[in-house]
Amino acid sequence: MSKSIYEPLTESGAVALAVRLGLFPEGTPLTCREIGDGNLNLVFHVVDQRTGSGVIIKQALPYAKVVGESWPLTLKRAVIESNALRTFASYVPQYVPTVYYSDESLAITVMEDLSHLQIARKGLIEGKTFPLLSEHIGEFIAKTLFYTSDFGMNQQQKKQLAQQFINPELCKITEDLVFTDPFFDHETNNFEPELRHDVEALWKDEALHLETAKLKRKFLTEADALIHGDLHTGSIFASDTETKVIDPEFAFYGPFGFDIGQFFANLLLNALSRKEHEQAPILHHIEKTWDVFSTVFANLWNEHNVEPYAKTNGWLQDLLHDIFVDAVGFAGCEVIRRTIGLAHVADLDGISDKQTRLEAKRRALQLGRTLILQRDSLRNTKDIFTTFAQTSAEGYLA
Ligand SMILES: Nc1ncnc2c1ncn2[C@@H]1O[C@H](COP(=O)(O)OP(=O)(O)O)[C@@H](O)[C@H]1O
Ligand SMILES: CSC[C@H]1O[C@H](OP(=O)(O)O)[C@H](O)[C@@H]1O
């Protein structure tokens, strides 16, 4: 298997691979569908017709699927993804799919089929609430961050691990699409003409540029822990009882606050798409994520810290404060990029009434701006909700 030379799989090729790998007993009647709906990769669902049990074969393409062959992209992202899933599984196996097999030259990851769950974004758009989502994600983030940081593992081994997750091409996508392009008149941007006035105001906003630049610098330079790097609600499978995080191909050693910020942002985008009286469960998820994250992280800090300064009075509180402020700022960037940048979210784009959709997008731009500019003065999740409630339909220019 290791001598394989890369070529994109077809559905029949995926079946043949599953058989070659012995994933199903000889003679099993198998069907396969390519079900990838993300921006980058192929995803094959191979199913035993008799039992309904399946496996997922995910394969990276040598380019970004959403744009096409004109945007070449490293196949190494498949190795990053399978290694990240395996690393996360060593701390929180309950929150990631099991990886059965990976092949660097074919750029594939073969993993547990999670089809009994639903992509959280889709469920949230349908009005589901997934009661345990925030508890699980708070714990996922706290444990993966703590145990891969200088506080939770041997500090020399951490540097070795960070080397394995050097991920320059995928980081550049985030540096460009999240932190840069939406704030300038760039060809990757994508927004309705009615928003141009608001978007142009954003492009000219010097104060916003300064604060976004500071957040970008953090993303470029702070190697706190192994982060997922793209923890939006489309990267999470959920049900009423289970939660699984997928798609960590953007993983690298980055700032503590980034995954929390991405998750907050995508919850806020969903809340913006809802009527006011339906927003409470989503805002509750933000509160709960932070509560669980900070509690679990603090417990790990107090009980398993390898750093001699850990017991220094005030350091943990100081760090949690910084993580919160950064998360709020990163959330602001993500809210803006998902509204006017290259890759949108169905939560907003799927609002069928044009006026309602434009109002939600204007509120998103205003919310993103406020989160970035006022992040230092927001002390807790209640302050995020106040900011959210103060956004107006007039949006950025209000
Ligand atoms: N382990 C899995 N089990 C079932 N379906 C999956 C699994 N992984 C991915 N998928 C399906 O494939 C889609 C795209 O997967 P994703 O990893 O997000 O791809 P991309 O990297 O292209 O964004 C998901 O939205 C989901 O529908
Ligand atoms: C050209 S990549 C755009 C966008 O797509 C990624 O998301 P996903 O792989 O989950 O579809 C990531 O968010 C990138 O910023």
Side-chain angles (χ1 to χ4, degrees), residues 8 14 32-47 52-61 63-75 77-78 80-82 84-85 89 95-102 107-123 125 167 169-182 187-190 219 227-239 242-252 258-259 261-263 265-266 269 330 333-338 341-346:
C32 176
R33 250 173 6 102
E34 200 281 308
I35 57 166
D37 59 0
N39 290 314
L40 297 176
N41 304 292
L42 297 174
V43 178
F44 296 93
H45 188 203
V46 182
V47 181
S53 73
V55 296
I56 292 294
I57 302 180
K58 178 167 175 179
Q59 185 181 41
L61 288 163
Y63 53 87
K65 193 173 75 176
V66 67
V67 176
E69 294 185 39
S70 62
W71 188 334
L73 197 55
T74 178
L75 292 173
R77 65 191 195 268
I80 295 276
E81 175 157 347
S82 47
L85 286 174
Y95 298 136
V96 284
T98 305
V99 174
Y100 302 134
Y101 175 81
S102 58
I108 57 163
T109 306
V110 182
M111 69 185 110
E112 182 182 349
D113 179 12
L114 301 172
S115 304
H116 62 292
L117 305 176
Q118 186 179 27
I119 289 291
R121 185 185 307 287
K122 286 190 188 145
I125 290 171
N167 196 0
E169 285 192 40
L170 280 281
C171 284
K172 173 140 175 59
I173 290 181
T174 304
E175 288 148 21
D176 291 345
L177 295 187
V178 178
F179 290 106
T180 314
D181 298 356
E187 61 187 5
T188 56
N189 290 327
N190 170 23
F219 185 83
I227 65 170
H228 178 284
D230 194 26
L231 194 56
H232 57 83
T233 48
S235 296
I236 300 170
F237 267 108
S239 72
E242 245 187 301
T243 307
K244 299 271 186 186
V245 172
I246 61 165
D247 199 15
E249 69 197 308
F250 285 77
F252 78 112
F258 191 72
D259 286 346
Q262 298 272 94
F263 187 55
N266 283 272
L269 288 163
F330 292 138
C333 298
E334 171 76 355
V335 165
I336 289 176
R337 69 75 70 125
R338 293 290 183 190
L342 176 77
H344 287 197
V345 289

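In listed order, ligands and their atoms are each counted from 1.
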[Y] and [X], any side-chain heavy atoms less than 4.5 Å apart:
{"X": "F250", "Y": "H228", "answer": "no"}
{"X": "F252", "Y": "F219", "answer": "yes"}
{"X": "L61", "Y": "R77", "answer": "yes"}
{"X": "F44", "Y": "I35", "answer": "no"}
{"X": "I80", "Y": "P248", "answer": "no"}
{"X": "D113", "Y": "S53", "answer": "no"}

[X] side chain to [Y] main-chain N or O, any donor-acceptor pair under 3.5 Å?
{"X": "N189", "Y": "D181", "value": "yes"}
{"X": "T188", "Y": "L342", "value": "no"}
{"X": "E242", "Y": "K244", "value": "no"}
{"X": "H344", "Y": "N190", "value": "yes"}

Below 4.0 angstrom from a heavy atom of [X], which ligand 2 atoms are there? Numbered from 1 as shown, please.
{"X": "L177", "answer": "3 (C)"}
{"X": "G38", "answer": "11 (O)"}
{"X": "E249", "answer": "9 (O)"}
{"X": "H232", "answer": "7 (O), 8 (P), 10 (O)"}

Tell me which protein heavy atom sits closest to [atom], plus the residue, atom name and distance to 0.1 Å.
{"atom": "atom 22 (O) of ligand 1", "value": "N41 N, 2.9 Å"}
{"atom": "atom 13 (O) of ligand 2", "value": "D230 OD1, 2.8 Å"}
{"atom": "atom 15 (O) of ligand 2", "value": "R337 NH2, 2.6 Å"}
{"atom": "atom 5 (N) of ligand 1", "value": "F237 CZ, 3.3 Å"}
{"atom": "atom 3 (N) of ligand 1", "value": "L114 N, 2.8 Å"}
{"atom": "atom 10 (N) of ligand 1", "value": "V43 CG1, 3.9 Å"}
{"atom": "atom 2 (S) of ligand 2", "value": "L40 CD2, 3.7 Å"}
{"atom": "atom 2 (C) of ligand 1", "value": "I56 CG1, 3.3 Å"}
{"atom": "atom 8 (N) of ligand 1", "value": "I246 CD1, 4.0 Å"}
{"atom": "atom 18 (O) of ligand 1", "value": "D247 OD2, 3.2 Å"}

Which atoms of ligand 1 are found less than 4.0 Å from any heavy atom of [X]?
{"X": "E249", "result": "21 (O)"}
{"X": "D113", "result": "3 (N), 4 (C)"}
{"X": "E112", "result": "1 (N), 2 (C), 3 (N)"}
{"X": "N39", "result": "22 (O), 23 (O)"}
{"X": "L40", "result": "22 (O)"}

Heteroatom proximity flag, W71 to ligand 2, N/O under 3.5 Å: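 In fact, backbone or side chain, W71 has no N or O that close.
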
Full working for side-chain contact (heavy atoms from CB on, under 4.5 Å) between L114 and I56: CA-CA 8 Å; L114 301 172; I56 292 294; over 6 Å; no

Test side chain to side chain contact (heavy atoms under 4.5 Å, CB included) applied to K58 and L40, D247, I108, the passing residue: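 For K58, the side chain to side chain contact (heavy atoms under 4.5 Å, CB included) check succeeds only for D247.
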
Test log, rule side-chain hydrogen bond (donor to acceptor under 3.5 Å, both in side chains), inputs H45 and S115: CA-CA 9 Å; H45 188 203; S115 304; 3.3 Å; yes

Geometric class of the F330/F258 ring pair [parallel <30°, tilted 30-60°, perpendicular >60°]: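 If you compare the ring of F258 with that of F330, the planes turn out perpendicular.
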
Worked check of side-chain hydrogen bond (donor to acceptor under 3.5 Å, both in side chains) between H232 and E334: CA-CA 9 Å; H232 57 83; E334 171 76 355; over 6 Å; no

Location of contacts on [X] toward ligand 2, heavy atoms closer than 4.0 Å:
{"X": "R121", "value": "neither"}
{"X": "R338", "value": "side chain"}
{"X": "N39", "value": "both"}
{"X": "D247", "value": "side chain"}

Closest non-hydrogen atom pair between V96 and V245, with its separation: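 For V96 and V245, the tightest heavy-atom pair comes out as CG1-O, 3.7 Å.
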
Close N or O approach (M111, ligand 1; < 3.5 Å):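 No, there is no polar N/O contact under 3.5 Å.
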
Close N or O approach (K58, ligand 1; < 3.5 Å):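 Yes, there is a polar N/O contact under 3.5 Å.
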
Selected option - heavy-atom contact closest to atom 25 (O) of ligand 1, from D230, D37, I35: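 Looking at heavy atoms only, the winner is D37.
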
Min heavy-atom dist Q262 to ligand 2 below 4.0 Å: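 The answer is no: ligand 2 sits nowhere under 4.0 Å from a heavy atom of Q262.
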
Any V66 heavy atom less than 4.0 Å from ligand 2: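 Yes, V66 has heavy atoms under 4.0 Å from ligand 2.
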
Basic-acidic side-chain contact under 4.0 Å: R121, D37: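 Between D37 and R121 there is no salt bridge, as every charged N stays at least 4.0 Å from the carboxylate O atoms.
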
